[in-house]
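Here the structure is a predicted model, which means the values were calculated and not measured.
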Amino acid sequence: MAQDEKIHVLRQMEADSLSKERSATEGMTPVDGDDGEDLHVIKMALRKLGQQPVEGGAATL
């Protein structure tokens, strides 16, 4: 998979994870207990590819 494709997939995963966190804080879905671990891993992967992750938490989307 090319780097651009990896970044695209990671950005989608990042948006999905932020959306899930936002929904949980609004009481729409139960928190799955990962305490943001998924998002942390996604951010680390983006940084390894030279990208800046979205900062500011779920409310930024």
Side-chain angles (χ1 to χ4, degrees):
M1 183 181 295
Q3 184 168 332
D4 288 346
E5 291 175 85
K6 290 177 185 177
I7 292 168
H8 178 75
V9 170
L10 284 167
R11 289 291 182 196
Q12 184 61 51
M13 292 171 64
E14 179 185 43
D16 291 347
S17 185
L18 287 169
S19 178
K20 182 178 78 171
E21 283 188 1
R22 183 176 59 243
S23 295
T25 62
E26 294 174 357
M28 297 167 76
T29 58
V31 176
D32 62 8
D34 71 6
D35 294 330
E37 187 68 24
D38 293 343
L39 187 56
H40 177 71
V41 171
I42 293 165
K43 286 182 176 187
M44 287 183 1
L46 283 167
R47 286 186 182 111
K48 282 185 179 182
L49 293 172
Q51 298 295 304
Q52 189 65 27
V54 172
E55 297 296 335
T60 59
L61 289 181

Run the side chain to side chain contact (heavy atoms under 4.5 Å, CB included) test against Gln52 and tell me which residues pass, sequence neighbours left out.
Glu55

Could you tell me which non-hydrogen atom of Val54 sits nearest to which non-hydrogen atom of Glu14, and how far apart they are?
N-OE2, 2.8 Å

Flag yes if Leu18 and Met13 sit in one hydrophobic cluster, no otherwise; membership is Ile, Leu, Val, Met, Phe, Trp, Tyr, and two members link when side-chain heavy atoms are under 4.5 Å apart.
no

Is there a path of hydrophobic side-chain contacts, each under 4.5 Å between heavy atoms of I/L/V/M/F/W/Y residues, joining Leu49 to Ile42?
yes

For His40, which residues count as a side chain to side chain contact (heavy atoms under 4.5 Å, CB included) partner, sequence neighbours excluded?
Glu37, Met44

Arg11 to Pro53 - nearest heavy-atom pair and separation
NH1-CA, 3.8 Å

Heavy-atom pair with the smallest gap, counting every atom of Asp38 and Ser17
CB-OG, 4.3 Å

Give a yes or no on whether the backbone of Ile7 and the side-chain of Gln51 come within a donor-acceptor separation of less than 3.5 Å.
no

